[in-house]
Amino acid sequence: MARAATTTDAFNAIAEPSRRAIVDALGAGERPVNDLVAAVGLTQPQVSKHLRVLREAGVVDVRDEGRRRLYRLNPQALKDIHDWVSPFQRLWEERYAALDDVLAGLKDSTSTPQPQGDDQR
């Protein structure tokens with residue numbers, strides 16, 4: 001089966017770790033490329049390449065401010081990803097709750113019995 005083109009699928013675009021680092025850096029707000037270069041530790045051409053892919057996938061938007069280009073996250077693309085992941089989050093929360101119940105039961109069964117009534121005199 002052929003893989004979906006990276007430039008048209010937000011899920012595929014953020015599958016690349018450097019692009020996720022850029023998305024994380026943009027979580028703090030709109031930033032120019034040079035700030036992103038410093039934040040993610042890649043060269044400017046590498047960051048620009050990843051930003052192009054993220055922009056074409058709709059994950060980031062860009063606007064010009066004088067001579068600078070400022071990038072920001074596109075909330076709609078992230079909402080689509082959140083909506084897809086949310087059912088899995090509930091699954092893990094249910095499993096952690098069940099694990100908490102098991103651990104609480106084990107803690108209760110291994111605790112030292114306390115003296116009771118007049119038998120301990």
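Applying the salt bridge (Lys or Arg N to Asp or Glu O under 4.0 Å) rule to D64 yields the partners R69; only residues at least two apart in sequence or on another chain are considered. Under the rule for a salt bridge (Lys or Arg N to Asp or Glu O under 4.0 Å), E94 has no partner lying at least two apart in sequence or in another chain. For S48, the side chain to side chain donor-acceptor pair (under 3.5 Å) partners two or more places apart in sequence, or in a different chain, are Q44. A search for side chain to side chain donor-acceptor pair (under 3.5 Å) contacts involving E16 returns nothing, not counting sequence neighbours.
Across all their heavy atoms, G58 and A77 have their closest contact at O-CB, 3.3 Å. Considering all non-hydrogen atoms of both residues, R31 and A25 come closest at NH1-O, 3.2 Å. In terms of heavy-atom proximity, L42 sits nearest to V37 at O-CG1, 3.1 Å. The two residues R68 and P32 make their nearest non-hydrogen contact at NH1-CG, 3.8 Å.
Between V59 and N74, the closest side-chain pair of non-hydrogen atoms is not below 4.5 Å.
At a threshold of 4.5 Å between side-chain heavy atoms, the hydrophobic network of Ile, Leu, Val, Met, Phe, Trp and Tyr places Y71 and L73 in one connected group. Side-chain heavy atoms closer than 4.5 Å link hydrophobic residues (I, L, V, M, F, W, Y) into clusters, and following such links, even through other members, never connects I81 to L91. Under a hydrophobic-cluster definition in which Ile, Leu, Val, Met, Phe, Trp and Tyr are linked whenever side-chain heavy atoms come within less than 4.5 Å, directly or via other members, V62 and V60 are assigned to the same cluster. Residues V53 and I14 do not share a hydrophobic cluster, clusters being chains of Ile/Leu/Val/Met/Phe/Trp/Tyr side chains in contact below 4.5 Å.
Here the CZ atom belonging to F88 is positioned 11.5 Å from the CH2 atom belonging to W92, to the nearest 0.5 angstrom. Summarising the geometry, atom CD belonging to Q89 is positioned 6.0 Å from atom NE2 belonging to H82; distances are rounded to the nearest 0.5 Å. With values rounded to the nearest 0.5 angstrom, R20 atom CZ is found 8.5 Å from D24 atom CG.
Judged as a ring-ring contact (aromatic ring centres under 6.0 Å, His included), the pairs with a partner in residues 8-66 (not counting sequence neighbours) are, in order, F11-W84.
Test D61, L36, L54 against L26 for side chain to side chain contact (heavy atoms under 4.5 Å, CB included) and you get one pass: L36.
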Can I get a per-line list of side-chain donor-acceptor pairs under 3.5 Å for residues 98-107, giving both atom names and the distance, sequence neighbours left out?
none

